[in-house]
Amino acid sequence: MGRSSWAHRKVWIALALLLSVLWWPFVVAGQDYKEREAKIAEYKRWLDSVGPNGYRLWLRLDGSRRPHALYVGKPFYEMDFDEKKALVEIFSNYLSGHPEKFMLIDIFDSVTQQHIGEFGWGGFKLY
């Protein structure tokens, strides 16, 4: 009787270990999702602070077509190249909904409506 209960315990322990191994990827994926969601929320807060009601680096986003059209304001031109690139990359990550994925963006001057750059497969380019 003692021997049989030990065999049952071994089976239950083995099943518990198997289930924990099988469920672990789902637990980790859930944590990754929460981290990504928090990062995207952080991007949104920052973009709002530098947008139309903040520093006015960007003034309007037209998402009615692809690629998205990002209209930039005068302070955008006062930034150095790396800062401009960082702004557009963060915008791209935000639009894709994932901090490691990107959305294509065309960049326009908000005053002249001229196409002044792009962010996409070829990276960040200003004309």
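Predicted, not measured: the structure shown is a model, and the values here were computed from it.
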Members sharing L104's hydrophobic cluster (side chains within less than 4.5 Å): W121
Would you give me the side-chain donor-acceptor pairs under 3.5 Å for residues 38-48, sequence neighbours excluded?
residue	atom	partner	partner atom	Å
K44	NZ	D48	OD2	2.9

What is the distance from atom NE2 of H98 to atom CZ of R36, rounded to the nearest 0.5 Å? 4.0 Å
Report the distance from atom CD1 of I105 to atom NE2 of H68, rounding to the nearest 0.5 Å. 7.5 Å
Measure the shortest side-chain to side-chain distance between [X] and [Y] over non-hydrogen atoms and say whether it is less than 4.5 angstrom.
{"X": "L70", "Y": "D62", "result": "no"}
{"X": "F81", "Y": "F124", "result": "yes"}
{"X": "I116", "Y": "V72", "result": "yes"}
{"X": "F91", "Y": "L61", "result": "yes"}
{"X": "W58", "Y": "P52", "result": "yes"}

In one Ile/Leu/Val/Met/Phe/Trp/Tyr side-chain cluster, 4.5 Å: [X], [Y]:
{"X": "L59", "Y": "L126", "result": "no"}
{"X": "F102", "Y": "L87", "result": "yes"}
{"X": "Y55", "Y": "M79", "result": "yes"}
{"X": "I107", "Y": "L95", "result": "yes"}

Apply ring pair (Phe, Tyr, Trp, His ring centres under 6.0 Å) to H115 and list each qualifying residue two or more places apart in sequence or on a separate chain. F108, Y127
Ring pair (Phe, Tyr, Trp, His ring centres under 6.0 Å) involving F76 - partner list, sequence neighbours excluded: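 With sequence neighbours excluded, F76 shows a ring pair (Phe, Tyr, Trp, His ring centres under 6.0 Å) to no residue whatsoever.
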With a cut-off of 6.0 Å (strictly less than), are more than 12 heavy atoms of other residues, nucleotides or ligands near CD of Q114? no
Enumerate the side chain to side chain donor-acceptor pair (under 3.5 Å) contacts for residues 74-96, please, sequence neighbours excluded, ordered by first and then second residue. Y77-D109
Sequence neighbours excluded, which residues qualify as salt bridge (charged side-chain N to carboxylate O under 4.0 Å, His left out) partners of R65? D106
Minimal heavy-atom distance between G73 and S110, with the atoms involved, is CA-OG, 3.9 Å
